Structure formats: structure tokens, C-alpha cells
Amino acid sequence: MNRYSKITKKIAREIVLLKGKPCKWGKCTFCDYILDNSNDEAYNHNVNVKALECITGEYGVLEVINSGNVFELPAKTLDAVRGILINKGIHTLFFEAHWIYRKHLERMRDYFGVRTIVKTGVESFHRDFREGELNKGFDYKNIEELCKYFDSVCLMVGIEGQTKDMIIKDIQLAMEHFSHFTVNVFVENTTSIKSDKGLIQWFQQEFTWLNNEHKCDVLWANTDFGVGALSY
Ligand code: SF4
């Protein structure tokens, strides 16, 4: 599995796919990311060190992802990331966390001590679809509350049960409320959740303009960031 890559479009950055414990939420119906998790902290850290050694700091921006949340990475790995930020002159760090960690984000931002862009996989702002179909566990009251904690949202597109209207609204809200967002086109995996090929085709036609939208990363395939076979 490739664990280091560079994103050269839009916000240029290095990206590492690290290994951590299983996601504390772990209940999203479409998620099989657990396949890259391990409870063996020493093993996880050894894998992570190899990926972290590739970082040059050339863009001053780094993104760390894992198949879960930044909080599930080994403490030694977090220390190593913090050291790299200092030693390589990195001024901006992207990382990911689920809603359940919202009250701990400030502590993590302070720990890294650089500008942080915290991403969260809300997948959709449509509550019934998000919670009924995807079981995401995001019980925020309104979008302002979500914005209070997170800088960037990840949206999922192309799941059976999703509609064109939901997608249009999701993109509109992400554009209006967030300084950065990611759209993942759903790729079927080992779960029973199915993709809607017609909806994906429609999305590709209607939303090609997102390719030129600076604050949006679109992953037409889940390896578009160049790491792993996984995406958040
Ligand atoms: S999609 Fe993300 S939050 Fe949901 S179970 Fe998978 S790793 Fe956890």
C-alpha cells in the first residue's frame, strides 16, 4: 500500500496515509476502512515512521490521514508528526476527526502548534439520508454548530438512496459555509452499500466545474490522492 503522495493541484501538499487503532465511531454503514486498522501500536508506529520519512516539507503543507481519526494514531506517531512540522518548516496541517471528537479538537490543534485544517466526514447535510442510510452519528443542531468545530467537510456522492437534489444542496452548503471541502465519489467496497451509477454519471456531467474550484478536492476514484486504496 502506498502511504506517501503529493497533491499538486489547488492546495499543494504532501499527504501520508498512517495506520492507527480502529475508528472509535466505527458504525458508518458504507465503511470498511477497518481493514487498515490495528491495535498493535508498535506495529502501527513502525509503518507510520516509514511514511513520515518521505516528507520533505516542500510545500509547507502536510495532510495526515488514517483510516479513522487523528486521535487513534499512536502517541509516538503524533510526536513524530509534530517534530516534522518543526524540522521541515511546515506551517499548515490537515487532519481528520469525527464529530464525537469535537470537544478534543482544540487540544489537538494546540498540540501541533501550526495552522490546522480539520476535516470531518459528514458525507451529507441531509439528516435523514446521513443518519438513516449511512449511520454517521453527527447530531449537530445546525450547520453553524458544525462550522464551530471543523474547517472542512468530506461529502460522499453516488450512493443508492441519495438524490440529485441532496447532492446539489450539499455542494451549495459546503461552498457557502466552509473554506475547504472534499467530494468523494462512492466506490463499492466490501460492505453491502451500493453505488448509483446513473447518479454518478449525472454528477460527473453537472459538477465538472468542481475541478476548477480551488477550495474543493474531488476524488473521482478513491485513490486520487495517490495513497492507499482508501479515502475518508
Ligand atoms: S467512515 Fe470514518 S467515521 Fe465512519 S466508521 Fe469509517 S472511519 Fe469511522
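Because the structure is a prediction, the values reported are computed rather than measured. Along the sequence shown, the residues carry numbers beginning at 1. In listed order, ligands and their atoms are each counted from 1.
- Of the possible donor and acceptor atoms, none in the side chain of Lys169 sits under 3.5 Å from a partner among the backbone N and O of Ser124.
- Within the coordination shell of atom 6 (Fe) of ligand 1, defined by N, O or S atoms under 2.8 Å, Cys23 is absent.
- With sequence neighbours left out, Glu63 forms a salt bridge (charged side-chain N to carboxylate O under 4.0 Å, His left out) with Arg13, Lys119.
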Point to revise | Chi angles and distances behind the side-chain contact (heavy atoms from CB on, under 4.5 Å) call for Arg3, Leu18 | key: CA-CA 7 Å; Arg3 293 187 179 273; Leu18 302 177; 5.9 Å; no
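- Counting heavy atoms closer than 4.0 Å to ligand 1, residue Lys27 contributes backbone atoms (N, CA, C, O) but none from C-beta onward.
- Interface atoms of ligand 1 facing Gly68, defined by a heavy-atom separation under 4.0 Å, are 7 (S).
- Not a single N/O/S atom of His98, whether from backbone or side chain, sits less than 2.8 Å from atom 4 (Fe) of ligand 1.
- Checked against a 6.0 Å centroid threshold, the rings of Phe71 and His98 do not count as neighbours.
- Counting only distance, with no hydrogens or angles, the side chain of Glu131 and the backbone of Gly137 share a donor-acceptor pair below 3.5 Å.
- Judged by the shortest distance from any of its heavy atoms, Gly26 lies inside the 4.0 Å radius around the atoms of ligand 1.
- Screening residues 17-27 for side chain to side chain donor-acceptor pair (under 3.5 Å) gives Lys19-Asp36 as the qualifying pairs, with residues at least two apart or on separate chains.
- Distances below 4.0 Å separate heavy atoms of Cys28 from the following atoms of ligand 1: 1 (S), 3 (S), 4 (Fe), 5 (S).
- Within the structure, ligand 1 lacks Glu123 among the residues with a heavy atom less than 4.0 angstrom away.
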